[in-house]
There are 2 protein chains.
Amino acid sequence: MKKMKRQPTHPGNIIKKDYLEPLSLTITEMATTLGVSRKTLSKILNERGTVTPDMALRLSRAFDTTPDLWLNLQKNYDLWQAEHSSKEWLRVKPLAKQLLHSNI
Amino acid sequence: MKKMKRQPTHPGNIIKKDYLEPLSLTITEMATTLGVSRKTLSKILNERGTVTPDMALRLSRAFDTTPDLWLNLQKNYDLWQAEHSSKEWLRVKPLAKQLLHSNI
DNA sequence: ACATACGTAACCTATATGGTTACAATCAGC
DNA sequence: GCTGATTGTAACCATATAGGTTACGTATGT
């Protein structure tokens with residue numbers, strides 16, 4: 001398991017650099033293709049929006065990928081944010097190892 | 001990539017069957033350990049709640065796992081739900097293959 | 001100058017998360 | 001049978017998010 005050292009790439013970046021730009025597609029066009037508003041797509045591309053499961057399915061249809069590709073990117077991004085935005089979770093005390101890893 | 005045929009296991013099930021029950025921990029105790037309300041944990045265990053990134057971090061601390069373990073379970077569950085709750089995303093037209101997979 | 005594309009604010013609606021409190025139901029032990 | 005512990009959940013609250021429409025200022029290309 002890899003521990004993320006720096007902020008993971010936001011899915012919006014991949015969409016823009018690996019799809020829209022190479023394909024010369026405008027955001028307006030792409031939003032129409034995806035069946036969402038320009039605002040929704042624009043927010044994702046500018047890292048202010050989230051790839052929801054529904055959006056992942058739409059992207060997977062349009063780009064012939066798995067929906068997991070997009071959800072994994074979003075998941076890693078969200079996890080990194082949660083890890084760094086609050087440290088509250090660090091106060092959770094691990095259950096005793098002998099309790100967890102006993103093979104009785 | 002595996003296509004899910006049936007509803008993926010909800011993370012709450014795993015928590016209950018693989019952790020709480022074997023360890024004889026009550027929900028009330030576990031909620032306290034995790035630093036969340038009993039309601040929040042109970043909802044997850046009964047498949048009416050979501051493992052958020054923050055909750056995944058708490059679970060990973062308590063159970064000595066990766067947070068990804070829990071987020072992946074939740075992601076697969078959510079994806080399956082989205083796939084089956086609405087079929088809207090199926091109306092997205094795939095971009096032409098020659099457009100997508102040209103190596104120019 | 002004009003049309004196109006873009007980011008985003010403002011506004012609205014629907015939904016989700018998580019906390020507290022309270023209540024009814026279940027179950028174990030005495 | 002009584003008691004206490006545990007649980008699911010409703011009711012209520014505050015906050016946040018997703019997504020839509022409309023409109024505006026700005027930038028860019030022709």
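In what follows, chains are A, B, ... by sequence order, proteins preceding strands, each numbered from 1. In this text the structure is predicted, and so the values were computed from the model without any measurement.
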- Query: What nucleotide among D:dG8, D:dT6, D:dG19 has an atom nearest to a side-chain atom of B:Thr26?
  - Reply: D:dT6
- Message: Could you see if B:Leu45 belongs to whatever hydrophobic cluster contains B:Met55? Use Ile, Leu, Val, Met, Phe, Trp, Tyr and a side-chain cutoff under 4.5 Å.
- Response: yes
- Task: Check the distance between C:dT17's C1' and A:Glu88's CD and give it to me in whole angstrom.
- Result: 16 Å
- Message: If we ignore hydrogens and angles and just use 3.5 Å, is the side chain of A:Ser86 paired with the main-chain N or O of A:Glu88 as donor and acceptor?
- Response: yes
- Message: With a 3.5 Å cut-off and heavy atoms only, can you find an N or O donor on one side and an acceptor on the other between the side chain of B:Arg38 and the base of D:dG8?
- Response: yes
- Between A:Leu41 (CG) and C:dA5 (C1'), how many Å, whole number? 13 Å
- Task: Please tell me which of the listed nucleotides, C:dG7, D:dG8, D:dT6, lies nearest to the side chain of A:Ser42?
- Result: C:dG7
- Query: Could you state the CG-C1' distance from A:Leu45 to C:dC6, rounded to the nearest angstrom?
  - Reply: 11 Å
- Item | Given C:dG7, C:dG19, D:dG20, the nucleotide with the shortest approach to the side chain of A:Val36 | D:dG20
- Item | Phosphate-side-chain proximity, A:Ser37 and D:dT21, N/O vs OP1/OP2 below 4.0 Å | no
- Message: Below 30° counts as parallel, above 60° as perpendicular, anything between as tilted: where do the rings of B:Tyr19 and B:Phe63 land?
- Response: parallel
- For the pair made of NZ in A:Lys16 and C1' in C:dC6, what is the distance, rounded to whole Å? 10 Å
- Item | CG-CD distance between B:Asn76 and B:Gln81, expressed to the nearest 0.5 angstrom | 11.5 Å
- For the pair made of CE in A:Met55 and P in D:dG20, what is the distance, rounded to whole Å? 7 Å
- Message: Without decimals, in angstroms, what is the distance between A:Ile27 CD1 and C:dA5 C1'?
- Response: 8 Å
- Message: Within this structure, what is the CG-OG1 distance for the pair A:Asp18 and A:Thr65, rounded to the nearest 0.5 Å?
- Response: 11.5 Å
- Query: So, is B:Thr40 close to the C:dG19 phosphate, meaning a side-chain N or O under 4.0 Å from OP1 or OP2?
  - Reply: yes
- Atom CG of B:Asp54 to atom P of D:dT15: distance rounded to whole Å? 18 Å
- Task: Would you please confirm or rule out a distance under 4.0 Å between OP1 or OP2 of C:dT17 and any side-chain N or O of B:Thr50?
- Result: yes
- Query: Rounding to a whole Å, what distance do you find between B:Asp78:CG and D:dA18:P?
  - Reply: 13 Å
- Query: For the side chain of B:Thr28, counting heavy atoms from C-beta on, which of C:dT20, D:dT6, D:dT21 is nearest?
  - Reply: D:dT6
- For the side chain of A:Lys39, starting at C-beta, report the closest nucleotide among C:dA10, D:dT7, C:dA5. C:dA10
